[in-house]
Amino acid sequence: MSVAPEIDLRSDTVTHPTDAMRAAMAHAPLGDDVFGDDPTVLALEHRAATLLGKEAALLVPTGTMGNLVSLMAHVPRGGEIIAPAESHVFNDEAANYAVVVGAGMRPIPETPEGEMPVEAVLDAIQDASDPHCPVTSLVIIENCHAHTMSRAITPAYVGRLRSALPDGMPIHVDGARLFNAAVALGVPVSDLVRDADSATFCLSKGLAAPVGSVVVGSAEFIARARRARKLVGGGMRQAGVLAAAGLVALQDGQDGTVDRLAEDHALARILAQGLAEQPGIVSPGHLAQPSGDRLDPARATTNFVLFAVAGGPSRRTAYLAALRERGVGMVAYPHGQIRAVTHLGIGEREIERTLQASAEALADTA
Ligand SMILES: Cc1ncc(COP(=O)(O)O)c(C=O)c1O
């Protein structure tokens with residue numbers, strides 16, 4: 001049996017529901033959501049649609065399913081989806097766009113800010129009148145963009161993309177950490193999806209609910225996504241038990257978990273600053289920090305810290321194991337990187353202990 005590390009920086013998905021969430025879950029009024037009469041699910045969907053400025057919303061169990069039902073609702077068989085080359089939808093969702101949707105995906109290299117250059121997106125759009133070509137049917141943005149050290153994509157970029165795209169070409173935002181982006185940029189979350197047709201956000205990551213993601217869009221789009229959710233087996237019954245925790249997360253006031261994301265961001269910066277001072281910690285390279293040899297703490301703007309250790313793959317494995325022996329969990333990340341993620345379960349004390357453990361792990365593995 002594997003046991004979670006005491007200081008668990010592997011992901012923000014490890015967060016447990018708060019006491020307020022557990023109380024709300026215990027007392028939530030319930031119905032049968034497939035019949036459309038679970039009042040707590042309906043309340044959550046209404047709250048999410050209102051917050052994001054869209055007509056309707058749909059509760060799904062996971063971010064992956066949120067993205068999948070959105071693809072199913074937007075893209076025909078034989079369609080093609082334009083997505084960032086390092087995005088989760090392209091790399092980490094088991095090629096569901098091919099297996100389930102029957103579509104292709106055209107990856108476009110993104111900038112260190114997580115943006116696909118608008119010109120490159122326009123170039124990638126296929127000639128719909130040519131029967132050789134797949135039909136370009138959707139453009140995806142990831143916000144926050146994980147591989148850029150989870151940087152927030154600005155509303156201005158989405159606006160530029162929207163005005164450049166041909167009429168009728170939908171934009172979907174994979175907003176697994178959309179509220180982190182809103183808090184980091186200091187904008188209402190609705191601004192981030194104003195120029196998009198649909199979006200998914202996760203309740204189960206930094207917002208600390210145990211399960212659940214929400215898809216938003218027009219009423220007509222959500223009706224298609226609801227059918228797609230049923231098709232992939234995502235129709236849940238007394239799902240109000242889960243929605244109740246999500247409603248607490250999105251609540252104003254101290255029980256809500258949106259505003260507190262700022263604390264996670266501040267602690268990630270402190271962690272990055274401390275790590276940057278340790279000899280042996282180096283730049284993660286790649287999109288997370290394209291220039292410089294030392295880790296630049298200014299790249300940490302939300303709750304991810306991506307970095308590397310000098311000495312290559314075997315040192316990375318040894319360093320992670322040495323951290324783990326000291327009760328600290330981080331994970332290996334693509335392109336030789338290491339990822340640490342701050343969240344509700346991490347405070348200043350845990351960051352101090354992590355920095356101490358890192359110094360010792362570096363000495364052990366030198
Ligand atoms: C950017 C991004 N999109 C989508 C997902 C999928 O979420 P889930 O694990 O709930 O399926 C994740 C999960 O980590 C993610 O980081």
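We count ligands from 1, going down the list as the structure has it; atoms in each ligand are counted the same way.
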Please list, in number order, the atoms of ligand 1 under 4.0 Å from a heavy atom of E142.
1 (C)
Say whether H74 and S198, considering side chains only, have a donor N or O and an acceptor N or O under 3.5 Å apart.
yes
Just by distance, no angles: are the side chains of E86 and N91 close enough, under 3.5 Å, to form a donor-acceptor pair?
no
Among E93, M65, H88, whose heavy atom sits nearest atom 12 (C) of ligand 1?
H88
Within 45 degrees of the axis of the six-membered ring of F201 and under 6.0 Å from its centre: does R177 put its NZ or CZ there?
no
Would you check the N or O atoms of K205, main chain and side chain alike, for any that come under 3.5 Å of an N or O of ligand 1?
yes
Is the backbone N or O of L250 less than 3.5 Å from a side-chain atom of R47, with the two atoms forming a donor-acceptor pair by type?
yes
So, is N67 polar-close to ligand 1, with some N/O to N/O distance under 3.5 Å?
no
Looking at ligand 1, does any of its N/O atoms fall within less than 3.5 Å of an N/O of T13?
no
re atom 11 (O) of ligand 1, the protein heavy-atom contact at minimum distance is T64 OG1, 2.6 Å
Within ligand 1, which atoms have a heavy atom of T62 less than 4.0 Å away?
10 (O), 11 (O)
protein heavy-atom neighbour closest to atom 10 (O) of ligand 1 works out as G63 N, 2.9 Å
Look at the aromatic rings of Y319 and F307 and report parallel, tilted or perpendicular, splitting at 30° and 60°.
perpendicular
So is there a nitrogen or oxygen of S213 less than 3.5 Å from a nitrogen or oxygen in ligand 1?
no
Counting heavy atoms only, which of S87, A176, S150 is nearest atom 2 (C) of ligand 1?
A176
protein heavy-atom neighbour closest to atom 3 (N) of ligand 1 works out as D174 OD2, 2.7 Å
Among all protein heavy atoms in this structure, tell me which lies nearest to atom 16 (O) of ligand 1, with the distance rounded to 0.1 Å.
R177 NH1, 3.0 Å
Would you say the side-chain atoms of H343 and N303 include a donor-acceptor pair closer than 3.5 Å?
no
Rounding to 0.5 Å, atoms CZ (F304) and CG (L9) come to a distance of 12.0 Å
Between the side chains of E142 and H88, is a donor N or O closer than 3.5 angstrom to an acceptor N or O?
no
